[in-house]
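This report refers to the structure that appears directly beneath it.
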Amino acid sequence: MPGLDLLQTNLLQPIVLAFLLGAIAGFVKSELELPEAVIKLLSIYLLFSLGMTGGRELAKAEIGAVLPLIGVTLLMTFAIPTFAYFITRRFGKFDISNAAAIAAHYGSVSTATFFASVTFATAMNTPSEGYMAAMVALMEFGVIYSLVIARIAMGRQSGGVRAADLFLSVIRGRGILLLMGGMVIGYLATDKQWSQISPFYEGLFRGMLMLFLLEMGITAARQIQAFKQVGPFMLGFGVLLPMVNGVVGVTLGHWAGLTIGGAFVFGAICASASFIDAPAACRASLPEANPGIYLTSSLGVTLPFNLLFGLPLYYKYAAWLTGTS
């Protein structure tokens, strides 16, 4: 069956197998562990590399062709956190802080899922548009929006933390800084200048990604151990919401004129949940929110689901939309 073949193709990719190896190591409490400094270096490398290659592609793109994508990206940047906040408040009965923290994580983007989806699209011979990294940077502002929701709901919009402070706290985060800064550098670089650094930022990318996902597998397995804190509701939330967001994202990406690979990657971006930049922002602005809820959901439920099952589903849907499935 085509669907099973696609699932098998994804599961047997080296990057997914690296994640599974890390998860096994985490479950058996192996001594395998990457030093914190190495993890930070890998994260910096991957974000900076994606930013620069995205800037290179953005320089080649027609502005008119990118505007529809920017429009649907802004739509999802506000729609996903709003929907996540409403569901967790109305049906999950979470307090304002925890609901807003969950909204911030699902409104932001998982760089690991983004990296994996780009690699997956390339492996299927349908590479995505390089400027998708710019959309990742744009969707990071979903964190700011979620924190503003919390401040408004608490009736403290004019006190405590100002909107400008929230904006600066996210801008200063390494995710947006590296992606946006890398895009500017890549955009301005000439072909000769890029050829001098491309072996490092393009040739080594997949190997670095495997090491990063190895560590993510270890961390995800450890978060699963604390799954009692999120319960059945968050299990359903962490699977169903990404599926809805992924399908909507693929549909909007297709409508915006993206290729199969581009629409698929945009769907994966929308379906993902942050576990790097959003936790730091929530710890600073929503200290009363429980990390055992929002981090376990994003890292222990949504990330494994997307890597193992979500990506093939979103790709299959993207192919179906174009009539090539």
Side-chain angles (χ1 to χ4, degrees), residues 13-54 105 108-120 122 133 136-137 140 143 169-170 172-183 185-186 196-226 268-269 272-284 291-292 294-296 298-304 306-308 311:
Q13 283 194 67
I15 58 170
V16 176
L17 293 176
F19 178 84
L20 289 174
L21 177 61
I24 293 171
F27 278 123
V28 301
K29 299 181 179 179
S30 168
E31 296 180 355
L32 176 63
E33 185 176 14
L34 270 67
E36 184 65 26
V38 173
I39 299 171
K40 288 183 178 179
L41 179 61
L42 287 173
S43 178
I44 290 172
Y45 168 83
L46 293 171
L47 288 166
F48 199 42
S49 177
L50 258 295
M52 286 198 291
T53 54
H105 283 67
S108 184
V109 177
S110 161
T111 50
T113 305
F114 174 54
F115 300 148
S117 66
V118 170
T119 304
F120 181 84
T122 302
V136 173
E140 288 293 323
V143 177
S169 69
V170 178
R172 290 168 179 161
R174 63 182 175 183
I176 288 184
L177 188 63
L178 287 168
L179 281 171
M180 296 186 70
M183 279 190 288
I185 295 173
Q196 295 171 347
I197 59 176
S198 61
F200 180 74
Y201 287 106
E202 291 183 327
L204 298 179
F205 182 83
R206 293 189 183 184
M208 295 288 196
L209 176 58
M210 285 184 65
L211 290 176
F212 182 72
L213 287 178
L214 177 69
E215 173 60 27
M216 288 299 99
I218 297 172
T219 306
R222 291 171 180 169
Q223 291 296 325
I224 287 290
Q225 305 300 329
I269 290 171
S272 67
S274 173
F275 47 82
I276 297 178
D277 295 326
C282 289
R283 288 192 192 108
Y294 58 73
L295 194 54
T296 303
S298 64
L299 186 54
V301 179
T302 300
L303 177 64
N306 275 331
L307 290 181
L308 299 178
L311 295 187

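Just so it is clear, the structure is predicted and the values come from calculations on it, not from any experiment.
Going from atom CZ of Phe48 over to atom OH of Tyr201 covers 5.0 Å, rounded to the nearest 0.5 Å. Annotation: the span from Leu307 atom CG to Thr302 atom OG1 amounts to 10.5 Å, rounded to 0.5 Å. Atom CG in Leu20 sits 5.5 Å away from atom CG in Leu308 (nearest 0.5 Å). Note that NE2 of His105 is 5.5 Å distant from OH of Tyr294, once rounded to the nearest 0.5 Å.
Side chain of Ser117 to backbone of Thr113: a donor-acceptor contact under 3.5 angstrom is found. Looking only at distances, a side-chain donor or acceptor of Ser298 sits under 3.5 Å from a matching main-chain atom of Ser274. Using a distance-only test at 3.5 Å, with no hydrogens or angles considered, no donor-acceptor pair links the side chain of Ser30 to the main chain of Ala25.
Between Phe205 and Phe115, the ring center distance clears the sub-6.0 Å criterion.
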Next item on the list: Test Thr119 against Leu209 for side chain to side chain contact (heavy atoms under 4.5 Å, CB included), laying out the working first.
Entry: CA-CA 10 Å; Thr119 304; Leu209 176 58; 3.6 Å; yes
Check: Leu46 and Met208: side chain to side chain contact (heavy atoms under 4.5 Å, CB included), yes or no, with the steps?
Finding: CA-CA 7 Å; Leu46 293 171; Met208 295 288 196; 4.2 Å; yes
Next item on the list: Would you sort out whether Leu34 and Leu42 count as a side chain to side chain contact (heavy atoms under 4.5 Å, CB included), showing the intermediate values?
Entry: CA-CA 10 Å; Leu34 270 67; Leu42 287 173; 3.9 Å; yes
Next item on the list: Let me see the working for Leu303 and Ser110 under side chain to side chain contact (heavy atoms under 4.5 Å, CB included), right down to the final yes or no.
Entry: CA-CA 8 Å; Leu303 177 64; Ser110 161; 4.0 Å; yes
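Counting all heavy atoms, side chain and backbone alike, Ala268 lies closest to Leu311 at CB-CD2, 3.8 Å. The two residues Ala112 and Phe212 have their closest heavy-atom pair at CB-CE2, 3.8 Å. When all heavy atoms are compared, the tightest approach of Asn306 to Ser272 is ND2-CA, 3.8 Å.
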